[in-house]
Amino acid sequence: FAHLGGAVVGFLFLRWWDWRRGAAKREFQRRMDPSGGGSGFVGERVAVARWKGISIESLHELNREEVTRLLAKVKSGGASSLTSAERAFLDRMAAR
């Protein structure tokens, strides 16, 4: 039982350590997320500027249509009107 208890405690410690190691990354992502609190407005403006800089002509036709649709949605409702999947899509297209 002592060995099994040690294995369980070791497993739980490793899971806790892995979770704790990712805390800094989660905090950074929370601060950089334009939809988050605090300085979200500044992050939102930066994201919108980055998305407007997407070279639409170099994209595939389907991606071009989606980017155009999402930019129109941002123009009418702001960046906060986008879902997280739509934000991720625009971020991927901006990184190209």
Please report the C-alpha distance between Asp91 and Trp51 in whole Å, then the side-chain angles of each, then the deciding distance to 0.1 Å, and finally whether the side chain to side chain contact (heavy atoms under 4.5 Å, CB included) criterion is met. CA-CA 7 Å; Asp91 286 336; Trp51 297 335; 2.8 Å; yes

Which residue pairs pass the salt bridge (Lys or Arg N to Asp or Glu O under 4.0 Å) test with at least one member in residues 71-80, sequence neighbours excluded? Lys73-Glu86

Any salt bridge (Lys or Arg N to Asp or Glu O under 4.0 Å) involving residues 58-68? Give me the pairs, sequence neighbours left out, ordered by first then second residue. Glu66-Arg69

Nearest-0.5 Å distance that lies between atom [atom1] in [X] and atom [atom2] in [Y]:
X: Phe89; Y: Leu82; atom1: CZ; atom2: CG; answer: 11.5 Å
X: Leu59; Y: Thr68; atom1: CG; atom2: OG1; answer: 8.5 Å
X: Ile56; Y: Met93; atom1: CD1; atom2: CE; answer: 11.5 Å

Salt bridge (Lys or Arg N to Asp or Glu O under 4.0 Å) partners for Arg21, two or more places apart: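 Here the qualifying residues are Asp18.
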
Pair Val67, Leu71 - check side chain to side chain contact (heavy atoms under 4.5 Å, CB included), show working. CA-CA 6 Å; Val67 167; Leu71 289 177; 3.8 Å; yes

Looking at Arg50, Lys52, Arg45, which one forms a side-chain contact (heavy atoms from CB on, under 4.5 Å) with Val48?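 The option that passes is Lys52.
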
Does Arg87 reach the main-chain N or O of Ala79 with its side chain, forming a donor-acceptor pair under 3.5 Å? yes

Hphob cluster co-occupancy, Trp16 + Leu14, side-chain heavy atoms under 4.5 angstrom: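 Trp16 clusters together with Leu14.
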
